[in-house]
**Student:** 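Sharing a structure with you now.
Along the sequence shown, residues carry numbers from 1.
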Amino acid sequence: MGVWIVVVDDDAMTLTYVKSILREQDMRVTCLRSGRDLLKYMGKNTPDLILLDIQMPEMDGFETYQALRRMEEKEGRKPTPIIFLSGMETSDAEIRSFEQGAADFIRKPVHKEILIRRILNAVKHTQELELLKEEASVDKLTGFLNKAAGTMRLTKLCSERAGMLIILDLDNFKLVNDLYGHNMGDKFLTAFADVVRRNIRAQDVMVRIGGDEFMGFFCNMNDEAALKSLHRRLNDELLHEAIALAGKDFEIPLSISLGAVLVPEHGRDYEMLFPLADSALYKVKQTGKNGSRLYGQEGENDLSESNDIKKEFARITQMVEGWHRRGGPISMDMEQFSIIYHFLHQFYKRYGGMIVKLLFILSDEENIEARPYSLSDAVEKFDLCLQDALRKSDMILRYKANQFYVILQNLSEEDFPIVFRRIMDTWEAGETHSGIHIEYLMEYVIYEKECYDK
């Protein structure tokens, strides 16, 4: 069978007629007689499309539509496309149908060719939208959720499910890029993603935070032994993949470090849980990397529910210090960037100094056929180059899909060409970027120290 259609109409003749038309097109057809029947049926079924009559007793089509949408939203399901059917001659029903959000509207008596064409168009349009949403939420290199989509998903999981929030970090991965080039680095990340997929379950969710950092929610995983077992399996298989890619002479101490926190034992707020997992990962890094740690183990104080002021002070300090503990510049969204930018503006205005503003815009060159990959892939690669080339004190704002706004602090005019060359050298190292054009604009901002009368 092809497309699955549910037809809802209180008129038996209409149901029989529509069913015969759709069956001729090799479509799967389910016929129902009322809105209440539909709501009950949709509790356990997910058809491709619903043909819904507007004029029905007890519960009309519009009431049914709204009730179904509420049910789908409550259960976290995707909205099923609906085409309204109506025998009313005025345009009021058609206007209201599209105001409700219907995929289409068909007048009775139903015309065979119009019915088939509009069903196929609605289903195709829905599938294309879902594909676009999926592509926008997935990291193309690894196939995991990207940071934006993944954060939303994990926020929801932390609030609803029990399990373990884990941050995964590839130890010494920068050496792979430095020695083998970014193309090989991408192959390593792809191989790592395959290793992870082989060692997790269908209900677990993985996210690429950026570069060589990942996070995941592992449902119903609740003890240190399970975390250590996962760490051991991932490391063993990653080493095997590394040798397969780079040869038996591969000597980089590439490994995986894991930091985790239990949910809901330490809360359900993702924004509070992430720093706790991050602090556990930090302790792994401090003690030689290539390990795993569960937050709260081995004498760590569980501060998540403490009202003691000293403990609260220690906990908050640990969280804010751990949030951006790793090397590289600070990458943030517009709201965060704006707050810190205004703070820096006031600071330099008071004490003096200089910052450099940089805008990078990536675009396709005319010779698109020469590009080894898409513009969106190039943007992600350039983002990683900025992360590798800039300092901890620098700031990055991903303003648009292809634009990066950068603030460089405490940089002299003489030093800027060195930093810019380092960015471009990192970009050009190890692979060809033909077909990708990078335009940039730079501005120095010099602040004179304010003088105050004593």
Side-chain angles (χ1 to χ4, degrees), residues 147-148 151 174 177-178 209-211 213 271 274-275 278-279 282 312-363 378-429 433 436-454:
K147 184 177 180 180
T151 299
K174 190 175 184 300
N177 284 331
D178 292 343
I209 303 175
E213 293 180 298
E271 294 293 337
F274 184 93
D278 200 49
S279 69
Y282 185 38
E312 283 296 281
F313 184 86
R315 174 181 177 238
I316 295 171
T317 300
Q318 181 185 35
M319 288 170 59
V320 296
E321 288 181 350
W323 188 262
H324 289 294
R325 56 163 184 77
R326 289 181 286 278
I330 304 174
S331 183
M332 60 197 81
D333 60 28
M334 175 61 81
E335 182 178 1
Q336 296 167 329
F337 192 95
S338 180
I339 291 171
I340 296 179
Y341 178 83
H342 285 291
F343 168 79
L344 291 177
H345 174 73
Q346 295 299 324
F347 178 87
Y348 283 105
K349 186 178 178 181
R350 174 70 184 271
Y351 298 103
M354 189 180 82
I355 64 173
V356 179
K357 302 177 184 178
L358 260 174
L359 176 64
F360 291 97
I361 300 179
L362 280 70
S363 59
V379 170
E380 296 302 325
K381 292 176 183 291
F382 190 73
D383 190 2
L384 296 179
C385 288
L386 291 177
Q387 296 285 343
D388 288 341
L390 298 181
R391 305 162 301 169
K392 296 179 181 179
S393 58
D394 299 327
M395 298 163 49
I396 301 173
L397 168 66
R398 182 82 167 265
Y399 178 60
K400 291 184 178 178
N402 64 328
Q403 298 183 10
F404 297 89
Y405 188 71
V406 178
I407 299 293
L408 308 176
Q409 296 190 68
N410 299 317
L411 196 67
S412 68
E413 294 186 36
E414 295 78 16
D415 289 337
F416 172 73
I418 299 173
V419 175
F420 183 80
R421 188 67 258 165
R422 186 165 69 237
I423 294 171
M424 300 314 296
D425 285 346
T426 304
W427 168 248
E428 295 165 2
H433 302 292
I436 302 299
H437 175 66
I438 299 180
E439 183 179 6
Y440 79 95
L441 183 65
M442 177 270 297
E443 177 186 354
Y444 294 105
V445 182
I446 300 175
Y447 296 87
E448 296 294 337
K449 183 177 180 180
E450 291 183 345
C451 295
Y452 295 91
D453 294 331
K454 295 183 178 179

**Student:** Show the nearest heavy-atom pair for residues Y444 and M354, with the distance to one decimal.
**Tutor:**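 Between these two residues, the closest heavy atoms are CD2-CE, 3.7 Å.
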**Student:** So, taking the atom named CZ in F382 and the one named CE in M424, what distance separates them when rounded to the nearest 0.5 Å?
**Tutor:**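 Nearest 0.5 Å value for the CZ-CE distance: 6.0 Å.
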**Student:** Would you indicate whether the side-chain heavy atoms of K381 and W427 approach each other to under 4.5 Å?
**Tutor:**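 Yes, at least one pair of side-chain atoms sits under 4.5 Å.
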**Student:** Looking at every non-hydrogen atom in both residues, tell me the closest pair between K147 and I209 and how far apart they are.
**Tutor:**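 What the structure gives for the nearest pair is CD-O, 3.6 Å.
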**Student:** Could you check I339 against F343 for side chain to side chain contact (heavy atoms under 4.5 Å, CB included), going step by step and ending with a plain yes or no?
**Tutor:** CA-CA 6 Å; I339 291 171; F343 168 79; 5.8 Å; no
**Student:** Provide the full list of salt bridge (Lys or Arg N to Asp or Glu O under 4.0 Å) pairs with a residue in residues 396-408, sequence neighbours left out, each pair given once.
**Tutor:**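 Output for this query lists E380-R398, D383-R398.
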**Student:** So how far is it from F337 CZ to M395 CE, rounded to the nearest 0.5 Å?
**Tutor:**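 Reported value, rounded in 0.5 Å steps: 4.0 Å.
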**Student:** Which heavy atom of A401 sits nearest a heavy atom of V379, and at what distance?
**Tutor:**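 Closest approach of A401 to V379: O-CG1, 3.0 Å.
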**Student:** Which heavy atom of R391 sits nearest a heavy atom of L408, and at what distance?
**Tutor:**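 In this case the closest contact between R391 and L408 is NH2-C, 4.0 Å.
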**Student:** Quick one: side-chain contact (heavy atoms from CB on, under 4.5 Å) partners of E448, sequence neighbours excluded?
**Tutor:**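 E448: side-chain contact (heavy atoms from CB on, under 4.5 Å) contacts with I446.
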**Student:** Would you call the rings of F347 and Y351 parallel, tilted or perpendicular, where under 30° means parallel and over 60° means perpendicular?
**Tutor:**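 The arrangement is tilted - the two ring planes meet at 30° to 60°.
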**Student:** Does Y399, at its OH atom, have more than 12 non-hydrogen atoms belonging to other residues, nucleotides or ligands within less than 6.0 Å?
**Tutor:**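 At most 12 heavy atoms, drawn from other residues, nucleotides or ligands, come within 6.0 Å of this atom.
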**Student:** Please step through side chain to side chain contact (heavy atoms under 4.5 Å, CB included) for the pair H345 and Y447, ending with a clear verdict.
**Tutor:** CA-CA 9 Å; H345 174 73; Y447 296 87; 3.1 Å; yes
**Student:** To the nearest 0.5 Å, tell me how far D394 CG sits from K392 NZ.
**Tutor:**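 Here the interatomic distance stands at 12.0 Å.
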**Student:** Kindly determine whether T151 and F274 satisfy side chain to side chain contact (heavy atoms under 4.5 Å, CB included), including the steps that lead there.
**Tutor:** CA-CA 10 Å; T151 299; F274 184 93; over 6 Å; no
**Student:** Do F416 and L358 make a side-chain contact, defined as non-hydrogen atoms from C-beta onward lying under 4.5 Å apart?
**Tutor:**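 F416 vs L358: side chains touch.
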**Student:** I would like to know whether I407 and K357 meet side chain to side chain contact (heavy atoms under 4.5 Å, CB included); could you show each step before the answer?
**Tutor:** CA-CA 5 Å; I407 299 293; K357 302 177 184 178; 3.8 Å; yes
**Student:** What heavy-atom pair brings Q409 and Y348 nearest, and what distance separates the two atoms?
**Tutor:**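 For Q409 and Y348, the tightest heavy-atom pair comes out as OE1-OH, 2.9 Å.
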**Student:** If we only count heavy atoms from C-beta on, is the L390 to I396 side-chain gap below 4.5 Å?
**Tutor:**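 Of all side-chain heavy-atom pairs linking I396 with L390, at least one is under 4.5 Å.
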**Student:** How long is the straight-line distance from CG of N177 back to OG1 of T426, given to the nearest 0.5 Å?
**Tutor:**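 One gets 9.5 Å once the value is rounded to the nearest 0.5 Å.
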**Student:** Is the ring pair F420/F360 parallel, tilted or perpendicular, if the boundaries are 30 and 60 degrees?
**Tutor:**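 It falls in the parallel class, under 30°.
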**Student:** In chain order, what residues pass the side-chain contact (heavy atoms from CB on, under 4.5 Å) check against I361, with sequence neighbours excluded?
**Tutor:**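 Per chain and number, I361 pairs via side-chain contact (heavy atoms from CB on, under 4.5 Å) with L359, N402, Q403.
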